[in-house]
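Single-structure report; data block below.
Both ligands and their constituent atoms are indexed starting at 1 by order of listing.
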Amino acid sequence: MVIRDIYFLENIQKTGSLVVGVYEDGTLTPSAAKLDKNLNGEISKKVKKLAFKGKLSNSEAFAAENETFHKIILVGFGEQGKKFSNFEFEQLGAAILKASQCQDSEISVLLSQDDTNVVSNSFPALVAFGLMLKSWNFDKYKSKKDEKNKLKRVNFVVTDVETTQAAFNELKKLSDGIFLTREVVSEPANVIYPESLANTAMDELKALGVDVQILTKKDMTELDMGALLGVAQGSVNEPRLVVLHWHGNQNSNEKPIAVVGKGVTFDSGGISIKPDEGMYEMRYDMAGAGVVLGLLKAAALNKLPVNLVGIMALVENMPSGSAQRPGDIVKSMSGQTIEIMSTDAEGRLILADALWYVQEKYQPSTIIDLATLTGAIVVALGHEFAGLFSNNDTLADQIKASAEETGEKVWRMPLSKHFDESINSDIADMMNLSKPGTRAGGTTAAQFLKRFIKDSDTQWAHIDIAGVETTKDDLFMCSHGVTGFGVHLLYDFLKKTRCK
Ligand code: BES
Ligand code: ZN
Ligand code: ZN
């Protein structure tokens with residue numbers, strides 16, 4: 001379910017319930033105060049009586065005495081005079097949703113510039129965006145939907161309808177990308193496997209003008225992708241490499257920017273099989289590829305003027321009589337050989353060939369890969385930050401800036417010669433694990449990927465999203481389940497760095 005009926009209006013709708021803002025000290029926001037006068041002080045009297053303090057995320061609902069509205073819903077706007085950041089506007093939207101979704105099927109929200117001390121008059125679009133993102137849940141397999149949530153339609157009463165609507169139109173298309181990511185990542189592995197996910201990419205993106213190419217096992221064999229194929233060989237579900245090209249800036253010869261996603265549609269660990277506990281969560285191990293898909297959709301829907309290549313490396317990692325063994329040695333497309341120490345460190349193997357492929361075919365100036373790569377990054381950063389690794393400070397800073405803006409937070413982690421050497425093998429060019437005792441598993445995995453970046457002039461960043469692709473907390477614009485972390489972050493990054 002998701003709330004999509006969102007309207008921006010100049011005047012208050014005289015239906016449903018009314019949402020008004022209250023600051024921490026109990027005073028009404030200017031737009032609420034104006035209305036309060038017309039209602040003979042009904043709101044302010046009630047705020048006093050309830051001793052309501054409008055801390056952010058506080059709320060209270062009561063039946064209206066006037067004839068016009070069913071209920072009046074108070075929502076905390078926090079400290080008076082405080083300047084909201086973009087992400088805080090989204091959080092305000094989430095708070096409005098939480099306060100009102102069980103109250104009525106329609107609400108009208110009063111939002112004027114004076115309420116939040118902002119210069120931009122399109123800010124209600126961000127509030128609406130946060131509300132919409134937060135309202136999404138994955139309930140398609142539930143025969144009986146949750147009936148507590150009544151809310152269907154939201155009217156924002158704003159000062160500048162046109163500007164707000166224009167800003168929201170872009171955000172709505174971005175949310176279409178985010179929802180696509182959340183949907184495919186949420187789907188179980190019996191529904192989403194390499195072939196079906198590749199077909200979804202084709203169905204979703206071709207019509208939007210994205211060039212979609214699907215490489216099969218045969219194509220990858222011809223390309224000598226031994227590292228990716230080794231992971232895939234244990235499964236009856238054959239691998240796919242999806243190559244997406246959005247050529248948004250037709251007139252320029254600018255080198256593309258590439259995003260590459262790990263798409264292990266199920267990671268059992270292979271012969272190095274995982275323990276049973278929590279293994280079901282490995283249906284989410286294709287989240288990186290899911291982000292690539294959603295990002296391309298958002299970029300194409302909004303016609304971003306960028307030259308963007310997306311690669312989804314899709315395999316299923318299974319144990320079987322034909323599966324890869326620990327101790328095997330495979331040859332990657334780059335020619336470098338890899339000693340397989342654990343078949344459960346499979347993400348780096350498939351990315352090795354995907355990274356090499358995109359460089360051979362497109363010579364990108366910048367490559368960003370996203371992967372649910374290591375449990376170690378979750379130990380280091382928990383579920384709040386993704387791990388960011390990069391060979392380039394400018395790129396890392398740009399990604400960090402977008403992370404701050406969007407609330408999809410990253411923390412930069414180190415790379416070093418010592419950690420690079422820790423993956424040397426005695427009998428091959430490298431191992432897919434580091435020497436025993438090295439620790440720093442997030443970094444050693446990143447060092448492995450770095451060996452597949454051909455040229456140190458290529459800006460490269462690796463984002464380990466193992467801890468943030470799903471959430472049980474309230475950290476992202478998502479109630480629980482799959483977050484879609486990365487789509488908004490990279491969309492913002494593309495806008496800021498490539499769309500001037
Ligand atoms: N897909 C996992 C990483 C993962 C762990 C993602 C937890 C999401 C949540 C990855 O393929 C894996 O199994 N990594 C191993 C690497 C180890 C064998 C070096 C890990 O982290 O345990
Ligand atoms: Zn694994
Ligand atoms: Zn994995």
Side-chain angles (χ1 to χ4, degrees), residues 185-186 189 192-194 197 227-228 230-235 239 260-291 312-319 323-328 338-354 369-387 389 413 419 422-423 425 430-449 462-472 481-483 485-486:
V185 179
S186 300
I192 282 290
Y193 43 91
L197 186 48
L228 185 150
V231 177
Q233 77 190 30
S235 172
V260 179
K262 169 179 172 180
V264 178
T265 56
F266 186 69
D267 180 13
S268 67
I271 296 297
S272 315
I273 197 162
K274 288 182 179 294
D276 175 51
E277 200 196 327
M279 197 201 268
Y280 72 93
E281 291 193 353
M282 288 300 125
R283 66 177 173 223
Y284 305 130
D285 210 22
M286 36 60 72
V291 172
M312 300 161 70
L314 307 176
V315 300
E316 186 178 55
N317 187 23
M318 295 295 265
Q324 166 160 278
R325 293 146 290 252
D328 283 4
I338 305 158
E339 184 184 8
I340 307 297
M341 304 305 285
S342 166
T343 63
D344 196 14
E346 84 298 338
R348 63 199 77 181
L349 295 169
I350 68 168
L351 288 173
D353 281 341
D369 75 74
L370 296 116
T372 47
L373 204 62
T374 67
I377 207 71
V378 191
V379 174
L381 300 175
H383 300 285
E384 188 178 359
F385 294 85
F389 300 85
M413 302 290 283
F419 288 125
S422 77
I423 59 170
S425 157
M430 70 193 90
M431 309 183 280
N432 75 334
L433 289 188
S434 57
K435 278 192 198 78
T438 310
R439 317 285 288 196
T443 288
T444 53
Q447 295 290 167
F448 183 97
L449 299 181
H462 156 58
I463 308 179
D464 194 335
I465 55 172
V468 294
E469 112 274 26
T470 61
T471 182
K472 295 186 179 84
V482 174
T483 59
F485 184 108

On a heavy-atom basis, the closest approach of M286 and T265 is CG-CA, 3.7 Å
Which N, O or S atom of E346 lies nearest to the Zn ion (ligand 2), by name: OE1
Grab the two heavy atoms, one from A386 and one from I463, that are nearest each other, plus how far apart they are. CB-CG2, 3.7 Å
Answer key: the N, O or S atom of D285 nearest to the Zn ion (ligand 3) is OD2
Under a 3.5 Å cutoff, is there a donor and acceptor pairing between the side chains of D285 and T372? yes
Testing the basics here: between N317 and G269, what is the closest heavy-atom pair and its distance to 0.1 Å? ND2-C, 3.4 Å
Which pair of non-hydrogen atoms, one from S268 and one from M318, has the smallest distance, and what is that distance? OG-CA, 3.5 Å
Below 2.8 Å, can you find an N, O or S atom of K262 next to the Zn ion (ligand 3)? yes
The answer, listing residues by chain and number that come under 4.0 Å of ligand 1 through any heavy atom, is K262, D267, K274, M282, D285, S342, D344, E346, R348, T372, L373, T374, G375, L433, A466
The N/O/S atom of D267 lying closest to the Zn ion (ligand 2) is OD2
Taking atom types as modelled, find out whether S272 and T343 have a side-chain donor-acceptor pair closer than 3.5 angstrom. yes
Passing candidate, side chain to side chain contact (heavy atoms under 4.5 Å, CB included) with I192, options L197, L314, V185: L197
Looking only at heavy atoms, the pair that brings T483 and T470 closest together is CG2-C, 4.0 Å
